[in-house]
Amino acid sequence: MDEIKSIIGTILQDAIQDAIEANELPITTPPDIPFSPTKTPDHGDIATPVALGLAKSAKMPPRTVAETIHKHVDLEKHSIISNLEIAGPGFINIYLSNEWLFDTIRNILKEQQEYGKSDIGLQKKIQIEFVSANPTGPLNIVSGRAAAVGDTLVNLLNAVGYDAVREFYVNDAGGQVERLGQSIDIRYRQALGEHDIEIPDGGYNGEYITDFAKEIVVEDSDTHLKLSDDERILLFKEKGIAHLLGQQKTTLERFGVNFDVWASEKTIRDSGKPDDIINIFQEKDYLYENEGATWFKMTDFGDDKDCVVIRTNGEYTYFVPDAAYHLDKHDRGFTKVIDLFGPDHQGHITRLKNFVKALGLSDDWLEVDIIQQVNLVDSDGNRQDMSKRQGQFYTLDLLIDELAEAVGERYAVDVARYFFLMRANNTHLDFNIELAVTQANENPVFYIQYAHARCCSIFQQAREQGFEIKPVEEVNLELLDAPQEHELIRKAAEFPSIIISSAEDREAHRIPHFLHDLAGIFHPYYNQHRVLDLSNKDRSTARLILVECIQTVLANGLRLLGISAPESM
RNA sequence: GCGCCUAUAGCUCAAUUGGAUAGAGCAACGGACUUCUAAUCCGUAGGUUGCAGGUUCGACUCCUGCUAGGCGUGCCA
């Protein structure tokens with residue numbers, strides 16, 4: 001589709017140039033040709049509002065401009081265009097010849113699993129950091145959304161020719177994991193009979209902490225009581241991190257997300273790089289002392305208040321290792337870094353970007369996108385608090401478990417991923433778990449998967465019934481003359497440009513919608529037209545070619561989403 | 001108070017850079033299995049795109065001001 005746009009664009013620009021030279025269009029030079037999608041076949045295969053844009057500078061009515069351009073397009077010369085029409089306020093609707101449709105078919109069959117890919121990324125190194133949940137509890141469903149989106153964005157970027165990697169930043173140092181150690185310690189001692197102690201404010205009081213503390217008691221009995229408080233908390237912190245991080249990894253694997261790099265905050269801190277950051281800021285005069293703490297002049301970068309980088313107790317706030325971490329990313333050679341943050345980190349974006357700027361990196365090197373919150377809603381429409389500190393949260397594992405109960409383990413991950421991916425990142429997603437489970441059989445993911453399974457089934461039948469499956473060069477594609485068949489091919493032809501826009505705009509949800517649209521053309525087609533017809537074997541052969549194309553596009557799209565493409569359902 | 005996000009059909013959501021008649025699914029109602037799989041299809045219905053202005057050939061989209069909801073605004077991460 002992109003190729004065809006540039007071909008048509010050139011033809012139209014030439015026509016405009018001819019019109020200018022014939023003194024029929026009072027402008028100096030042909031503009032870039034914009035294209036708008038055609039919503040109905042009545043508007044042709046592609047359309048351009050170029051005449052509307054030129055109307056002002058040419059001081060002519062838009063329809064007249066369109067007609068002037070039209071006059072200078074020689075249809076005899078361009079066999080790819082079957083017809084041009086002026087419509088509405090001055091749109092030029094372009095109807096492409098069948099040969100273009102057949103080229104699309106040949107291209108899909110030639111490319112197979114590669115169909116849809118492109119190379120606009122020039123193999124530039126891009127990193128996407130996502131999930132990066134604290135190792136202080138199980139992953140919740142917001143992390144699930146981030147996991148699905150991040151994983152798919154990497155797939156999309158790789159599909160358009162970037163060299164993209166998945167990275168998870170483990171916050172295994174700092175105050176949060178300190179509290180984790182303390183919380184486990186309290187539960188451990190409680191399990192051993194101390195009852196006059198409680199989890200402090202800001203600690204973790206989820207049941208999983210109690211369970212884990214009990215496990216420690218079972219394995220090690222009361223031996224850790226001999227340690228000093230500090231030693232014991234340190235030990236429990238490390239044990240807790242290992243345990244919970246392990247759990248998160250297991251969950252992510254089950255969810256089909258495999259990170260390329262697990263970066264550690266502790267490693268960053270131990271590397272001395274945070275000290276370098278302080279030195280750099282010091283040299284650039286971005287720091288000052290106040291009330292015993294060291295502050296960064298965030299107001300120099302337009303923020304409304306400065307922020308502490310070294311606390312009164314001498315420890316760095318998380319900004320410093322975070323800045324060091326991003327400098328480290330830069331040193332690893334990424335030309336662009338994308339962080340997917342949860343909504344609770346939104347206040348961090350401006351500051352982080354300012355720190356990156358303070359380090360001398362360009363403004364667009366770091367991109368931060370928010371994956372908006374997921375509200376768990378019950379059947380009465382009440383929202384449930386998912387704070388880890390409260391211990392009331394809905395885990396990703398629990399979600400997959402419940403889906404598995406309804407639709408089987410095989411499809412549970414498919415359904416979860418699809419639900420997370422079908423919405424734009426910046427929408428607040430109300431996830432009604434009861435609805436997702438009860439309506440599972442009418443889930444849109446099955447609609448798409450079923451379309452794929454039907455394609456497979458047709459080929460199964462074709463083989464059993466002895467239909468000849470010929471290579472495309474030997475098939476008369478002119479026999480594909482039903483309007484729905486052309487519609488299917490046109491839709492399939494959009495696939496590569498959908499991937500590009502989806503990747504560049506970081507809008508993964510366009511892929512599920514595209515696939516749903518494609519399946520939505522295929523199912524009616526299937527119901528109204530028999531592919532395998534013994535009384536018309538030539539047409540059957542041609543239709544098998546079309547079915548293979550649809551199957552290929554569906555499979556390629558589902559693969560990008562990390563969703564399975566079943567051969568039968 | 002300040003900052004970010006959101007507001008589109010009864011519900012959940014789409015709508016490439018501003019483009020033609022704002023689209024799907026679910027829910028509702030009526031139909032279609034002797035058929036390549038009915039996890040499907042066909043039909044009906046559903047709208048002042050939160051409100052008020054502005055920009056222009058044209059606005060769900062951009063600007064200003066409101067309203068409502070969410071989040072952020074810690075020497076937590």
Side-chain angles (χ1 to χ4, degrees), chain A residues 34-40 42-43 47-49 52-53 55-56 61-62 87-91 93 132-134 136 169 171 173-179 202 265 291-295 303-305 307-313 315-319 321-322 342-350 370 372-373 375 383 422-424 426-430 432 435 439-447 449-451 453-455 457-462 464-465 467 497-498 500-502 504-505 507 509-510 513 516-517 519-520 523-533 540 543 547 568-569:
Chain A
F35 289 101
S36 60
T38 55
K39 289 172 187 163
T40 130
D42 296 343
H43 295 159
T48 172
L52 298 166
K56 193 168 191 179
F91 285 92
N93 294 335
S132 297
N134 287 337
T136 53
Y169 185 48
N171 301 115
Q176 296 300 333
V177 285
E178 197 61 34
R179 287 185 188 87
E265 178 179 352
E291 295 173 356
T294 302
W295 296 70
D303 212 339
D304 54 355
K305 56 184 83 161
C307 63
V308 171
V309 286
I310 306 176
R311 292 180 222 155
T312 44
N313 68 5
E315 284 176 20
Y316 293 140
T317 59
Y318 72 98
F319 297 123
D322 224 22
D344 52 333
H345 284 63
Q346 168 244 106
H348 186 28
I349 297 177
T350 316
I370 291 282
Q372 270 297 349
Q373 63 199 75
N375 295 312
R383 286 188 176 166
M422 68 189 292
R423 278 152 185 148
N426 58 1
T427 60
H428 303 212
L429 161 56
D430 278 351
N432 186 330
L435 208 64
Q439 295 187 338
N441 282 338
E442 281 142 12
N443 203 296
V445 67
F446 295 131
Y447 186 80
Q449 288 180 317
Y450 188 52
R454 270 186 156 167
C455 293
S457 174
I458 292 169
F459 273 95
Q460 180 69 28
Q461 283 291 323
E464 285 173 13
Q465 295 177 22
F467 278 90
S497 53
I498 295 284
I500 290 172
S501 80
S502 191
E504 296 209 310
D505 300 340
E507 298 285 13
H509 73 284
R510 288 181 195 158
H513 283 278
H516 196 266
D517 287 348
H523 282 307
Y525 170 69
Y526 175 93
N527 273 272
Q528 287 157 33
H529 303 272
R530 270 198 79 80
V531 173
L532 303 177
D533 180 0
S540 298
R543 287 182 170 173
V547 170
S568 67
M569 291 180 78

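Everything quoted here is computed from the prediction, not taken from an experiment. Proteins get letters first, then strands, A, B, ... in listed order; numbering begins at 1 in each.
The nucleotide B:C2 finds its pairing partner in B:G72, both defining distances of the Watson-Crick or G-U wobble pair being shorter than 3.5 Å. With a cut-off of 3.5 Å on both pairing distances, B:G47 has no Watson-Crick or G-U wobble partner at all.
One finds a side-chain N or O of A:R454 lying less than 4.0 angstrom from the OP1 or OP2 phosphate oxygen of B:A38. Using a 4.0 Å cut-off, some side-chain N or O of A:K305 falls inside it from OP1 or OP2 of B:G74. Taking 4.0 angstrom as the limit, A:R311 places a side-chain polar atom (N or O) nearer than this to OP1 or OP2 of B:C76. A close approach under 4.0 Å does occur between a side-chain nitrogen or oxygen of A:Y447 and OP1 or OP2 of B:C41. A:N527 has no side-chain polar atom (N or O) that falls below the 4.0 Å cut-off from OP1 or OP2 of B:C42.
For A:S36, taking side-chain heavy atoms from C-beta onward, the closest of the listed nucleotides B:A77, B:U12, B:G19 is B:G19. Distance from the side chain of A:H523 is smallest for B:C41 among the nucleotides B:U12, B:C41, B:G19. Considering only the side chain of A:R530, B:U35 comes nearest among B:C75, B:U35, B:G19. Relative to the side chain of A:T317, the nucleotides B:C75, B:A39, B:C13 differ in distance, and B:C75 lies closest. The side chain of A:M569 lies closest to B:A39 when the candidates are B:C13, B:A39, B:U16. Considering only side-chain atoms of A:I458, the nucleotide from B:C75, B:C36, B:U56 that sits closest is B:C36.
A:T136 and A:Q176 get closest at one heavy-atom pair: CG2-O, 3.9 Å. For the residue pair A:F91 and A:P49, the shortest heavy atom distance occurs at CE2-CB, 3.7 Å.
Remark: the separation of the C1' atoms in B:G10 and B:U67 is 23 Å, to the nearest Å. Between B:G46 and B:A22, the distance separating the two P atoms is 14 Å to the nearest Å. The same atom, P, is picked in B:C33 and in B:A38; the two are 12 Å apart, to the nearest Å. The gap from the C1' atom of B:C51 to that of B:C13 amounts to 23 Å, rounded to the nearest Å. Separating the P atom of B:C63 from that of B:G3 is a span of 15 Å, rounded to the nearest Å.
Stacking of A:H43 onto the six-membered ring of B:A20 is present: less than 5.5 angstrom between centres, less than 30° between planes. Applying the 5.5 angstrom centroid cut-off and the 30 degree plane-angle cut-off, the aromatic ring of A:F91 is not stacked upon the base of B:G19.
Every ring pair (Phe, Tyr, Trp, His ring centres under 6.0 Å) that A:H509 has, sequence neighbours left out, goes to A:H513.
No hydrogens or angles were tested; on distance alone, nothing pairs the side chain of A:Q372 with the base of B:C5 as donor and acceptor under 3.5 Å. For B:A20, the base has a donor-acceptor partner in the side chain of A:N93 [N/O atoms by modelled type, under 3.5 angstrom]. One N or O donor and one acceptor, one from the side chain of A:Q346 and one from the base of B:C71, sit under 3.5 Å apart. Judged by distance alone with a 3.5 Å cut-off, no donor-acceptor contact links the side chain of A:H509 to the base of B:A14. Counting atom types as modelled, A:T312 pairs a side-chain N or O with a base atom of B:C75 as donor and acceptor under 3.5 Å.
Residue A:D322 is classed as having no contact, given no heavy-atom separation below 4.0 Å to the nucleic acid.
Per the geometry, OH belonging to A:Y525 stands 15 Å off P belonging to B:C42, to the nearest Å. When the P atom of B:C4 is taken as reference, atom CD1 of A:I370 falls 13 Å away, rounded to whole Å. Here the P atom of nucleotide B:A14 and the NE2 atom of A:H516 are 14 Å apart, to the nearest Å. At whole-Å resolution of the value, CD in A:Q176 and P in B:C75 are 14 Å apart. In this structure, A:Q465 atom CD and B:C36 atom P are separated by 7 Å, rounded to whole Å.
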